[in-house]
Chemist: 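If you scroll down you'll find the structure; I have some questions about it.
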Protein chains: 2
Amino acid sequence: MQKEHNLSKNQKIIFDLIDKSGEPMKAYSILFNVQKKGIKAPLQVYRALDKLVEIGKIHKIESRNAFIACQNSSCQVSKATAFSICESCENVSEISNSKLSKYLSNFSDDSGMKYSKYNLEFFGLCKRCKSK
Amino acid sequence: MQKEHNLSKNQKIIFDLIDKSGEPMKAYSILFNVQKKGIKAPLQVYRALDKLVEIGKIHKIESRNAFIACQNSSCQVSKATAFSICESCENVSEISNSKLSKYLSNFSDDSGMKYSKYNLEFFGLCKRCKSK
DNA sequence: TTATAAATGTTATATTATTACATAACGTTA
DNA sequence: TAACGTTATGTAATAATATAACATTTATAA
C-alpha cells in the first residue's frame, strides 16, 4: 500500500517539471525553469528536491548530480535504486528488475553491517549509441 | 596481470595522502593537506584525482564527493566498484565479494544495453554505530 | 633529436549546495 | 477556535565542489 503524499506548492511545481521532462534534470536548470512560477532561489529548489527524494517521487543520479522522476510506480521510498546510464548520450533509465533488487536487498557480507539502502549505477552505451 | 603505472609527482603526493588516510577524502581537504608540498590550486588536485581514478588507484564515492584508495590489490581499473557506507559515522569500505561482482558484471536486462561498468553504494549502520 | 603526448602551473570562473534567519501555512487537539 | 507544534516558504549571503582557458615544462617513443 502506497502512502499518499500531498505535495506542497513548490514540491508540486518541481515534481511536475521533472516528471514531464522524462530525463535527469540538474538543480539549477530546474531553478531556471521554475522562475516564472515564482521560485527564485536555489534553496527553494533544493528543499523541494530533498523532500521529493525522501518520499521516493524522484531519485538523485549521484554520478551526474541530477534528479529524475521515479519510473517505478510501486517505489514508495528511495531505498533500492538502480539505473542504467549511457556514457555517450547521457540517457538514464531506472532499472526495475525484481531479481536484481531481491539479490541486492538481501545482500550481506561478513562486515556485520546491516544494509538498509543501496544505489546502483550501471554505465555503458545504449542501443542507439552503440550502433553508431 | 597488473599494469605498472608510474605516477607523476603530483599524482604520487596525492595518492600517498589518500592511501595513508585510509578513509574517503574530499578534494579541498586534499588540497589543504598538500599545500606544503607545493600543490596550490584545485585544478592540480582534480587532475591528479582524475588520473588516479582512471587507472584504478582510487575510487570516487559518488554520494559523498570523496575519494578513497583502492583497497583491493587486484583492482586494475574502476570498472566494478561496491562500497558500504555507514550513515552514522560515515565510515566507508570497499566490498570485494566475487559473487557480487560476478553477478553484477554479468547483469543484463532487456534494454539492449551493454554494461561495461558499475558502481554500487550500500548504506546502513556499521557494527559500532548499530550497538550504540 | 624531434615531435608528440602527458603533466604542470596559474588565474579566473562556473556549478552545486548549505547556513542563517524571518515568516507563513497547515494539522492537531484541547 | 485558539493555541501549539510541525512543515513549508522567502530571502540574502556564502560555502563547497569542479572546470575552462591558456602558457609552459617534462616524459616517451619514433
Side-chain angles (χ1 to χ4, degrees), chain A residues 3-18 21 23-68 77-78 87 90 92 119 121, chain B residues 3-18 21 23-68 77-78 87 90 92 119 121:
Chain A
K3 188 173 174 208
E4 195 47 54
H5 284 283
N6 297 314
L7 300 184
S8 74
K9 178 172 138 280
N10 289 0
Q11 288 159 17
K12 192 159 175 11
I13 290 170
I14 286 172
F15 174 72
D16 286 346
L17 175 69
I18 299 173
S21 100
E23 55 184 20
M25 293 193 74
K26 306 201 142 218
Y28 277 73
S29 151
I30 293 168
L31 175 57
F32 177 80
N33 278 278
V34 296
Q35 274 174 335
K36 47 182 174 289
K37 304 226 174 188
I39 295 176
K40 296 178 201 155
L43 188 49
Q44 294 176 291
V45 172
Y46 281 104
R47 282 196 286 223
L49 290 173
D50 284 352
K51 187 67 186 186
L52 291 168
V53 165
E54 187 193 320
I55 66 181
K57 300 281 286 181
I58 65 172
H59 304 301
K60 182 171 188 181
I61 310 300
E62 293 287 357
S63 65
R64 299 298 185 262
N65 297 318
F67 300 85
I68 194 169
V77 180
S78 300
E87 290 185 294
E90 292 293 324
V92 172
N119 178 56
E121 298 181 3
Chain B
K3 185 170 176 212
E4 194 45 56
H5 284 283
N6 296 313
L7 300 184
S8 73
K9 177 171 137 279
N10 288 0
Q11 288 159 17
K12 192 159 175 13
I13 291 170
I14 287 172
F15 174 72
D16 286 346
L17 175 68
I18 299 173
S21 101
E23 56 184 20
M25 293 192 73
K26 306 202 143 218
Y28 278 74
S29 152
I30 293 168
L31 175 58
F32 177 81
N33 278 278
V34 296
Q35 274 174 336
K36 48 184 172 289
K37 304 226 175 188
I39 295 176
K40 296 177 200 155
L43 190 48
Q44 294 175 291
V45 173
Y46 281 105
R47 282 197 286 223
L49 291 174
D50 283 352
K51 186 68 185 186
L52 292 167
V53 166
E54 187 192 319
I55 65 181
K57 301 282 285 182
I58 64 172
H59 304 300
K60 182 171 187 181
I61 309 300
E62 293 287 356
S63 66
R64 299 298 186 258
N65 298 317
F67 300 85
I68 193 168
V77 180
S78 299
E87 290 185 293
E90 291 293 323
V92 171
N119 178 56
E121 298 181 3

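A, B, ... follow the sequence lines: proteins, then strands. Residue 1 opens every chain. Predicted model, so just to flag it, every value in this text is computed and none were measured.
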Chemist: Considering only heavy atoms from C-beta outward, does the side chain of Asn65(A) approach that of Lys60(A) to under 4.5 Å?
Modeler: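 Yes, close enough: below the 4.5 Å cut-off.
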Chemist: Gln11(A) CD to dT7(D) P: how many Å, rounded?
Modeler: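 Computing the Gln11(A):CD to dT7(D):P distance gives 12 Å.
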Chemist: When you compare the ring of Tyr28(A) with the six-membered ring of dT16(C)'s base, are the centres less than 5.5 Å apart and the planes under 30° from each other?
Modeler: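 Yes, Tyr28(A) stacks on the base of dT16(C), since the ring centres sit under 5.5 Å apart and the planes are within 30°.
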Chemist: Figure out the CG/C1' separation between Leu31(B) and dA15(D), and round it to whole Å.
Modeler: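 Value for this atom pair: 15 Å.
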Chemist: Scan Leu52(B), Leu7(B), Asn6(B), Leu17(B) and name whichever one has a side-chain contact (heavy atoms from CB on, under 4.5 Å) with Lys12(B).
Modeler: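 Result: among Leu52(B), Leu7(B), Asn6(B), Leu17(B), Leu7(B) is the only option passing the side-chain contact (heavy atoms from CB on, under 4.5 Å) with Lys12(B).
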Chemist: Provide, to the nearest angstrom, the distance between the NZ atom belonging to Lys37(A) and the C1' atom belonging to dT9(D).
Modeler: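 Taking atom C1' of dT9(D) as the reference, NZ of Lys37(A) is at 17 Å.
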Chemist: What contact category does Lys60(B) fall into here, base, sugar-phosphate, or nothing, at under 4.0 angstrom with non-hydrogen atoms?
Modeler: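 Result for Lys60(B) = sugar-phosphate.
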Chemist: Pick the nucleotide of DNA chain D nearest each of Asn10(A) and Pro42(B); which residue has the one closer to the 5' end?
Modeler: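 Mapping each residue to its closest nucleotide by heavy atoms, the 5'-most match is Asn10(A).
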Chemist: State which residue, out of Leu31(B), Asn33(B), Leu49(B), fulfils the side-chain contact (heavy atoms from CB on, under 4.5 Å) condition with Met25(B).
Modeler: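 Exactly one pass, corresponding to Asn33(B).
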Chemist: Would you mind reading off the distance between Leu7(B) atom CG and dT26(D) atom C1', rounded to a whole angstrom?
Modeler: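 Checked: the CG to C1' distance equals 16 Å.
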Chemist: At under 4.0 Å, does any side-chain N or O of Lys40(B) touch on OP1 or OP2 of dG9(C)?
Modeler: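 Indeed not, no polar side-chain atom of Lys40(B) lies that close.
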Chemist: Please tell me if Lys51(A) has a side-chain N or O lying less than 4.0 Å from either OP1 or OP2 of dT7(D).
Modeler: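 Indeed not, no polar side-chain atom of Lys51(A) lies that close.
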Chemist: Please report, rounded to the nearest Å, how far the C1' atom of dT9(D) is from the CG atom of Asp50(A).
Modeler: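 Rounded to the whole Å, the gap is 14 Å.
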Chemist: Can a side chain N or O of Lys9(A) be found less than 4.0 Å away from OP1 or OP2 on dT7(D)?
Modeler: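 So the side chain of Lys9(A) is outside the cut-off, no N or O lying under 4.0 Å from OP1 or OP2 of dT7(D).
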Chemist: Write down the distance between CE (Met25(A)) and C1' (dT16(C)), rounded to a whole number of angstrom.
Modeler: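 Checked: the CE to C1' distance equals 15 Å.
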Chemist: Would one find a side-chain N or O of Gln44(B) under 4.0 angstrom from OP1 or OP2 of dT8(C)?
Modeler: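 False: Gln44(B) side-chain N/O out of range (4.0 Å or more) of dT8(C) OP1/OP2.
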Chemist: Taking only the side-chain heavy atoms of Ala27(B) (C-beta and beyond), determine which of dA18(D), dA20(C), dA7(C) contains the nearest atom.
Modeler: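 Minimum distance to the Ala27(B) side chain belongs to dA18(D).
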Chemist: Under 4.0 Å from OP1 or OP2 of dC26(C): is there any side-chain N or O of Asn6(A) that close?
Modeler: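 Answer no for this pair, as no side-chain N or O of Asn6(A) is under 4.0 Å from OP1 or OP2.
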Chemist: Whole Å only: how far is the CZ atom of Arg64(A) from the P atom of dT15(C)?
Modeler: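 Rounding to the nearest Å, CZ of Arg64(A) and P of dT15(C) are 17 Å apart.
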Chemist: Lys12(B) NZ to dA7(C) C1': how many Å, rounded?
Modeler: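 Atom NZ in Lys12(B) sits about 16 Å away from atom C1' in dA7(C).
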Chemist: Considering all heavy atoms of both residues, which atom of Ile18(A) and which atom of Ile30(A) are nearest to each other, and what is their separation?
Modeler: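 Scanning both residues completely, I find the closest heavy atoms to be CD1-CD1, 3.8 Å.
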Chemist: With a 4.5 Å cut-off on side-chain heavy atoms, are Glu121(B) and Ser63(B) touching?
Modeler: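 Ser63(B) vs Glu121(B): side chains touch.
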Chemist: Does dA18(D) have OP1 or OP2 under 4.0 Å away from a side-chain N or O of Asn65(B)?
Modeler: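 For dA18(D), OP1 or OP2 has a side-chain N or O of Asn65(B) closer than 4.0 Å.
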Chemist: Taking the side chain as every heavy atom from C-beta outward, state whether Asn10(A) and Arg47(A) have any pair of such atoms under 4.5 Å apart.
Modeler: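 Counting from C-beta outward, Asn10(A) and Arg47(A) never come under 4.5 Å.
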Chemist: Reading DNA chain D from 5' onward, which residue's closest nucleotide shows up sooner: Leu43(B) or Tyr46(B)?
Modeler: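 Looking at DNA chain D, the more 5' nearest nucleotide goes with Tyr46(B).
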Chemist: Go through dT16(C), dT9(D), dA18(D) for me and flag the one nearest to the Arg47(A) side chain.
Modeler: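 Of all the options, the side chain of Arg47(A) is nearest to dT9(D).
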Chemist: Under 4.0 Å: is that the gap between some side-chain N or O of Ser8(B) and OP1 or OP2 of dT8(C)?
Modeler: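 Answer is yes, contact under 4.0 Å.
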